[in-house]
Amino acid sequence: MTLTPLVYWAQRHEDIYLRVELTDAQNIDVHVHEKVLQFRAQGHGAKGQNEYEFSLEFLSPVKPEVSHKSTQRQVNITVRKEQRGWWERLTAQERKPVFLAPDFDRWLDESDAEMEIREKEEKKNKLRALRHKEEGFVSLKTGFLFVYNLVQFLGFSWIFVNMTVRLFIFGQDSLYDTFHTISDVMFFCQILAAVEVLNAAFGVVRTGVIPTLIQVVGRNFILFIIFGSLEEMHNQPVVFFVFYLWSAIEIFRYPFYMLGCFNTEWKTLTWLRYTIWIPLYPLGVIAEAVAVIQSIPIFDETKLFSIPLPKAIGTSISFSYFLHFYLVLMFLGLFINFRHLYKQRKRRFRTKKRKAN
């Protein structure tokens, strides 16, 4: 005797949905010939664990392609209508089979189904508009970041190449006029570097705000306060070492970011970007510390940036007191940034190893 499972149905303008109440169904065979759907499977139904089958002759033609998905509790079948439209009933015969019932979980009237279609179309249009908006923003952001990194790369490359050539041509004499020949471009690059703090703060790039702020503020303090405000520091060799170490790091960092704008990578450049800072960054901080130490007696003598006190006290607070405190902050910042950069390097190359495996 043929056993028939319980079947629930619902429709949309383009699809027929069937839900077959059959638990742990196996050996499922579903196919459509002309307007007739044939189903056969083994599973646990109303009559226990058995083989169940049924056939349905649809009211109108359907497409031969039929899809089904089996879950632990049921088999879901989707059949595409040959022509879009709303059927008054599912089967060709007016009297429905006893095993067939409406699927009220998915049941909609024709007007409700049309409303559902409109809602889906509106949702698709919104998603499409949002996607276009995001793509426009991404392309604008990518262009902005690429141009910024390109300008910085060209600026620091000019500094590095110029200083290297002058060192080979003039030897030690080039150490004493670095500020006069290089400072204008360095001022431009370091002022422009403030953009990196804004990018981190507003989420344009995924990086920490604090490490970026420490580096930008620290460099600009050395450049504008220690070097820029004291003419006595302009001819000091320490200017050469500070500028040279800064530019040596940046000529690898900015092209790495440029390639990253287009999801492109050059392995050698990646390794240099995440490795070259290990010796150069501490050396740069040491050079900056030397510059601060050399400037302390000059600030004491010139009383520049000193804070005057009332005449009754008859003295002023020298800016050199702040510089002593700033030296401590410099090495604290070195620790924070070194830890941040080391974590970046570790995370980067750990990810590469996982991909390789």
Side-chain angles (χ1 to χ4, degrees), residues 133-157 159-160 186-224 242-243 245-288 326 329-355:
K133 185 177 180 180
E134 288 178 349
E135 288 174 355
F137 172 74
V138 169
S139 61
L140 181 64
K141 183 180 78 170
T142 300
F144 163 72
L145 291 175
F146 179 80
V147 171
Y148 168 78
N149 289 310
L150 176 62
V151 171
Q152 289 287 56
F153 171 65
L154 293 176
F156 280 106
S157 294
I159 292 172
F160 184 82
M186 185 61 79
F187 278 129
F188 172 79
C189 290
Q190 285 306 131
I191 292 174
L192 190 60
V195 172
E196 296 181 27
V197 180
L198 298 177
N199 288 343
F202 291 104
V204 179
V205 295
R206 295 180 180 179
T207 188
V209 179
I210 299 301
T212 306
L213 183 67
I214 289 173
Q215 177 171 310
V216 173
V217 172
R219 284 189 178 183
N220 282 334
F221 180 83
I222 298 297
L223 181 61
F224 287 92
V242 170
F243 285 8
L245 290 167
W246 286 357
S247 60
I249 294 175
E250 306 300 24
I251 60 174
F252 297 110
R253 187 166 71 98
Y254 286 115
F256 171 80
Y257 291 151
M258 289 165 57
L259 293 178
C261 291
F262 303 102
N263 296 320
T264 305
E265 182 180 1
W266 180 26
K267 291 184 179 180
T268 303
L269 182 61
T270 300
W271 186 86
L272 288 170
R273 183 263 180 271
Y274 285 101
T275 305
I276 200 71
W277 63 268
I278 295 175
L280 296 185
Y281 185 59
L283 288 175
V285 174
I286 291 172
E288 294 172 21
Y326 182 74
L329 293 180
M330 283 180 62
F331 287 97
L332 179 61
L334 169 63
F335 172 76
I336 294 173
N337 268 11
F338 198 95
R339 187 166 172 264
H340 170 72
L341 292 170
Y342 177 75
K343 283 184 176 179
Q344 278 189 333
R345 186 181 193 278
K346 189 176 180 181
R347 191 183 311 119
R348 180 79 182 191
F349 290 116
R350 182 194 304 155
T351 303
K352 292 296 179 185
K353 287 180 181 179
R354 286 178 180 174
K355 290 183 178 179

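All values below come from the heavy atoms of this structure, side chains included, with hydrogens, waters and symmetry mates left out.
- Taking CG from L145 and CG from L140, the interatomic distance works out to 9.5 Å, rounded to the nearest 0.5 Å.
- Note that CE of M186 and OG of S247 are 5.5 Å apart. Values are rounded to the nearest 0.5 Å.
- The structure places CG of N149 at 7.0 Å from CE of M258, a figure rounded to the nearest 0.5 Å.
- Residues meeting the ring pair (Phe, Tyr, Trp, His ring centres under 6.0 Å) test with F331, sequence neighbours left out: none.
- Remark: T275 pairs with R345 by the side chain to side chain donor-acceptor pair (under 3.5 Å) rule, at least two apart or across chains.
- Atom CZ of F146 and atom OG1 of T142 lie 11.0 Å apart (nearest 0.5 Å).
- Within the 4.5 Å cutoff, side-chain heavy atoms of H340 are placed close to those of Q344.
- Atoms CG and CG, from L334 and L329 in turn, are 12.5 Å apart once rounded to the nearest 0.5 Å.
- Residues passing the side chain to side chain donor-acceptor pair (under 3.5 Å) test with Y326, sequence neighbours excluded: none.
- Nearest heavy-atom pair across V242 and E288 is CG2-N, 4.0 Å.
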Under 3.5 Å donor-acceptor pairs involving side-chain atoms of residues 201-217, not counting sequence neighbours:
| residue | atom | partner | partner atom | Å |
| --- | --- | --- | --- | --- |
| T212 | OG1 | G208 | O | 2.9 |

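- Minimum interatomic distance between I276 and P279 (heavy atoms only, all atoms of both residues): O-CD, 3.1 Å.
- Relative orientation of the F224 and F187 rings is tilted, given thresholds of 30° and 60° on the angle between their planes.
- Applying the side-chain contact (heavy atoms from CB on, under 4.5 Å) rule to L269 yields the partners F252, P255, F256, L259, W266; only residues at least two apart in sequence or on another chain are considered.
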Original post:
What do the steps show when you test F156 against V151 for side chain to side chain contact (heavy atoms under 4.5 Å, CB included), and what is the final call?
Top reply: CA-CA 9 Å; F156 280 106; V151 171; over 6 Å; no
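- Counting only residues at least two apart or on different chains, no salt bridge (Lys or Arg N to Asp or Glu O under 4.0 Å) pair has a member in residues 145-155.
- For L223 against F243, the heavy-atom pair with the smallest separation is CD1-CZ, 3.6 Å.
- The two atoms that bring Y281 and F338 nearest to each other are CE2-N, 4.2 Å, heavy atoms only.
- Side-chain atoms of T264 come within 3.5 Å of backbone N or O of F262 as a donor-acceptor pair.
- Residues that satisfy the side chain to side chain donor-acceptor pair (under 3.5 Å) test with R253, not counting sequence neighbours, are E196, E250.
- A salt bridge is absent between E265 and R273; no separation between the charged side-chain nitrogens and carboxylate oxygens falls under 4.0 Å.
- Aromatic rings of F153 and Y257 (six-membered ring for Trp) have centroids beyond the 6.0 Å cut-off, not under it.
- Applying the side-chain contact (heavy atoms from CB on, under 4.5 Å) rule to Y342 yields the partners W277, K346; only residues at least two apart in sequence or on another chain are considered.
- In this structure, I251 and W246 have side chains that are not in contact, with every pair of non-hydrogen atoms separated by 4.5 Å or more.
- In terms of the ring pair (Phe, Tyr, Trp, His ring centres under 6.0 Å) criterion, residue partners of F160 (sequence neighbours excluded) are, by chain and number, Y244.
- With sequence neighbours left out, the side chain to side chain donor-acceptor pair (under 3.5 Å) criterion links N199 to no other residue.
- Pairs passing the salt bridge (Lys or Arg N to Asp or Glu O under 4.0 Å) check and including a residue from residues 144-156, sequence neighbours excluded, do not occur.
- Rounding to the nearest 0.5 Å gives a distance of 12.0 Å between CG of L341 and CD1 of I336.
- Y254 has its side chain out of reach of L150: every pair of non-hydrogen atoms, C-beta onward, lies at least 4.5 Å apart.
- Sequence neighbours left out, not one pair with a member in residues 142-153 passes salt bridge (Lys or Arg N to Asp or Glu O under 4.0 Å).
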